Amino acid sequence: METTQPITVEVETVGQAYLELLRARGIKYFFGNSGTDFGPIIDGLARFAAENRTHPMPITVPHEFVAVSMAQGYAMITGEPQVVMVHVIVGTGNASAAVMNASRLNVPMIFSAGRTPLTEEGLRGSRSNFIHWGQESFDQGGLLREFTRWDYELRNGDQLEAVVDRALEMALGNPQGPVYLTLPREVLAQKMDSITIHPFRKNKEEALQPSAETIKRTADVLRGAVNPLIITGRLGSDPTAVSAMVSFAEALAAPVVAPASPFVSFPNTHDFHLGVSSAPFIKDADVIVVVESDVPWYPVQGKPGENAKVIQIARDPNYGAIPIRNFPKDISIGGDPKLALELLAQELKSQKRNEKSLIERAERIRSQHKKYRERLKQRAGQASGERPIDTAWLSACVDQVRDKDTLIVNDHGVSQEYLSLSEPATYFGGSPAGGLGWGIGGGLGMKLARPEKTVIASCGDGTYMFNNPTACHFVSQAYDLPMLTIVCNNAVWHSSKAATQQVLPDGWAASTGKFPLCELSPSPRYEMVVAAHGGYGEMVDDPQQLLPALKRALKVVKEERRQAVLNVICGTH
Ligand SMILES: Cc1ncc(C[n+]2csc(CCOP(=O)(O)OP(=O)(O)O)c2C)c(N)n1
């Protein structure tokens, strides 16, 4: 319900007024993990239910990390700001890694928490439980200040609209991200007769485009390139930007690599896509265009030549949230990257160029792409008989069973390279913050937003446990959100083990073969966990049984509307 005229709504408490305001601002869901601070919110939602007000619809999420991850997944696929509420400082603590993920991924969200009652007596909602003393903190907003765009405490009901609208404005600002709103119990419990809600006049800022002079100067540099390279990362968080990237790459006749990209930022089926690592190309490139990529290359592995020109295009080309990031910027273009790419493509096409050399360059890239994709195909084929199952084969099988309506969520599971990602917004990887365990929650959020889609989340076995699987499977069953989870089970935190080998190749761990704090055996029967939630579970250790098992599990998800888990016994990857 978007208001065009002020409306006055009868309420009984500030808590009810808050919910009315969220409803008026178009908030569809209220992801919550409640506690003693929630009374007026619980009561307000009960009134909504009794009076058939369907939104915001409460979603009970039994772990805060999952609640925020669900909100993240919902926002990743819709772009709409979400609302989460958790229990005071302790709920905030449980949610914090997920808020860090959302922050580094620029996910718009009002992350809120109760504030322990401020008063020891005298007001409705004053302290009534021993935790109300121990749960007070000097600076609750400070807990997550580095990872939130704004934080504030609601101090009285009169200010409610101003506070909520400011919260939304900041969450949808530039860059977008979570904000933190704390809600003291007495304030939520305050009596209030009505709230007047005005039209929302905090619209998102208009897309900014670079000046004509900047475009011309940049295009001049690009035109002079003999061996250009495009590196992209998060561009595809705006799915409409992907076609602009395609036009730009084609106009420039440049290869595109997408290291650690959590979105489809450039179709990997496109002739110019050359993989997920810039390392093989970085030294020879003379002009490098970095588009929304936190880490375009690892300086320890190799850097561009001294004379190479680096052009950085991003909403925030300084990546101001990251304390140290010293990639060069010979030209720095802020604003909306989609507009910059469109303008650059137009400008490149508008002037006469040496068409012959461009055609030759494009041909060279095409043949590199062909070889690259063939190598992957061969690798997956060779792995198809391996036991334990190779992740290359697993990923290739997942690629075979997906259709155009499948969303792949990757939480340290399948290898992105083996999927044929031709469409934007079909693949979602983790945040640059790297907080593992968001994937199943994220997938549930996507399923909530897009019930018509098939959602497949994949994760390692360690990562499955980081997901708080019981909480995830509970939500899936309770809210009819069936999805498939694939556990790539190698019975180890391989990443920690591999990192030890890399840093200390001749160290004790590498030479004794013992890696304390990495082993995850005996490996539990992960597929049995979901059975407790009415789901379908299966263990797969035979590579030839993988495709049939995936098909069986997807049939259960789609036709029986039950969640499913495949526990795939994998080798290291
Ligand atoms: C919340 C969180 N805790 C710990 C880590 C550190 N970490 C990165 S990868 C990894 C191992 C994950 O294990 P698994 O899912 O089994 O995948 P594998 O590394 O074996 O492929 C760990 C513990 C992290 N990134 N996030």
Side-chain angles (χ1 to χ4, degrees), residues 63-70 72-73 92-105 107 144 146-147 259-260 262 276 294-295 298 322 383 386 388-395 398 408-418 428-443 456-472 485-503 509-510 513-527 529 539-541 565-573:
H63 195 287
E64 296 84 349
F65 186 101
V66 181
V68 175
S69 300
M70 277 189 81
Q72 173 177 317
T92 300
N94 270 1
S96 59
V99 175
M100 291 171 194
N101 278 344
S103 179
R104 289 289 192 250
L105 212 46
V107 173
L144 280 173
E146 196 179 333
F147 296 95
V276 295
D294 297 32
V295 189
Y298 296 134
I322 301 175
E386 277 176 31
I389 291 170
D390 193 297
T391 338
W393 174 238
L394 169 62
S395 311
V398 171
I408 301 283
V409 184
N410 196 7
D411 188 9
H412 203 60
V414 291
S415 301
Q416 185 191 10
E417 279 185 295
Y418 293 91
F428 302 88
S431 160
L436 294 178
W438 70 279
I440 309 179
I456 302 179
S458 69
C459 54
D461 52 328
T463 304
Y464 179 68
M465 289 191 270
F466 283 130
N467 266 276
N468 300 290
T470 313
C472 292
T485 300
I486 301 169
V487 183
C488 313
N489 179 2
N490 58 8
V492 63
W493 283 343
H494 175 66
S495 310
S496 309
K497 184 174 165 181
T500 307
Q501 283 165 318
Q502 190 220 339
V503 178
K514 296 266 181 267
F515 290 83
L517 304 180
C518 296
E519 300 302 329
L520 291 180
S521 52
S523 185
R525 297 291 299 265
Y526 294 109
E527 75 281 8
V529 178
M539 186 184 83
V540 194
D541 58 1
V565 169
L566 287 186
N567 175 12
V568 182
I569 307 303
C570 286
T572 51
H573 63 281

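The shown structure was predicted, so the numbers you read here are calculated from the model rather than taken from an experiment. Whatever order the structure lists them in is the order used to number ligands and atoms, beginning at 1.
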Enquirer: Roughly how far, to the nearest 0.5 Å, is CG of Asn467 from CD1 of Ile440?
Expert: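 If I round to the nearest 0.5 Å, the distance is 4.0 Å.
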
Enquirer: Nearest to atom 23 (C) of ligand 1 by heavy atom, Phe65, Trp493, Trp438: which?
Expert: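 When every heavy atom of Phe65, Trp493, Trp438 is considered, Trp493 comes closest to atom 23 (C) of ligand 1.
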
Enquirer: Judged on heavy-atom distance to atom 14 (P) of ligand 1, which of Gly462, Ser523, Cys488, Gly435 sits nearest?
Expert: Gly462

Enquirer: Can Cys459 be said to touch ligand 1, with heavy atoms closer than 4.0 Å?
Expert: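 The answer is no, since Cys459 has no heavy atom less than 4.0 Å from ligand 1.
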
Enquirer: First locate atom NZ of Lys514, then atom NZ of Lys497, and finally report the distance between them rounded to the nearest 0.5 Å.
Expert: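 Rounded to the nearest 0.5 Å, the NZ-NZ separation comes to 10.0 Å.
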
Enquirer: Answer yes if the side chains of Asn489 and Ser523 hold a donor-acceptor pair under 3.5 Å, and no otherwise.
Expert: yes

Enquirer: Could you work out, with ring pair (Phe, Tyr, Trp, His ring centres under 6.0 Å) as the rule, every residue matching Tyr526, not counting sequence neighbours?
Expert: Tyr464

Enquirer: What's the spacing between Phe65 CZ and Asn101 CG if we round to 0.5 Å?
Expert: 5.5 Å

Enquirer: Examine Asn490 against ligand 1 and note whether any of their N/O atoms are separated by less than 3.5 Å.
Expert: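 There is such a contact, yes.
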
Enquirer: Give the numbers and elements of all ligand 1 atoms closer than 4.0 Å to a heavy atom of Thr463.
Expert: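 Checking each atom against Thr463, I get 12 (C), 14 (P), 15 (O).
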
Enquirer: Can you check whether Leu394 reaches Cys488 side chain to side chain, under 4.5 Å on heavy atoms?
Expert: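 Yes, their side chains come closer than 4.5 Å.
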
Enquirer: Using heavy-atom distances only, which candidate in Leu436, Asp461, Leu520 approaches atom 5 (C) of ligand 1 most closely?
Expert: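 Ranked by closest heavy atom to atom 5 (C) of ligand 1, first place is Leu436.
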
Enquirer: If the condition is side chain to side chain donor-acceptor pair (under 3.5 Å), which residues does Thr463 pass it with, not counting sequence neighbours?
Expert: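 So Thr463 forms no side chain to side chain donor-acceptor pair (under 3.5 Å) with any residue.
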
Enquirer: Tell me the contacting part of Tyr464 for ligand 1: side chain, backbone, both, or neither, using a 4.0 Å heavy-atom threshold, strictly below.
Expert: neither

Enquirer: Of all the atoms in ligand 1, which lie at a distance below 4.0 Å from a heavy atom belonging to Gly434?
Expert: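 That gives atoms 24 (C), 25 (N), 26 (N) of ligand 1.
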
Enquirer: Closer than 4.0 Å to some heavy atom of His494 - which atoms of ligand 1 meet that?
Expert: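 Every atom of ligand 1 under 4.0 Å from some heavy atom of His494: 18 (P), 19 (O), 20 (O), 21 (O).
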
Enquirer: For ligand 1, indicate whether the residue His412 contacts it via side chain, backbone, both or neither (heavy-atom separation under 4.0 Å).
Expert: side chain

Enquirer: Would you check whether Val492 has a nitrogen or oxygen atom less than 3.5 angstrom from a nitrogen or oxygen atom of ligand 1?
Expert: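 Min N/O separation from ligand 1 is below 3.5 Å for Val492.
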
Enquirer: Quick check against the 3.5 Å criterion: does Ser96 have a side-chain atom that pairs as donor or acceptor with the backbone of Gly93?
Expert: yes

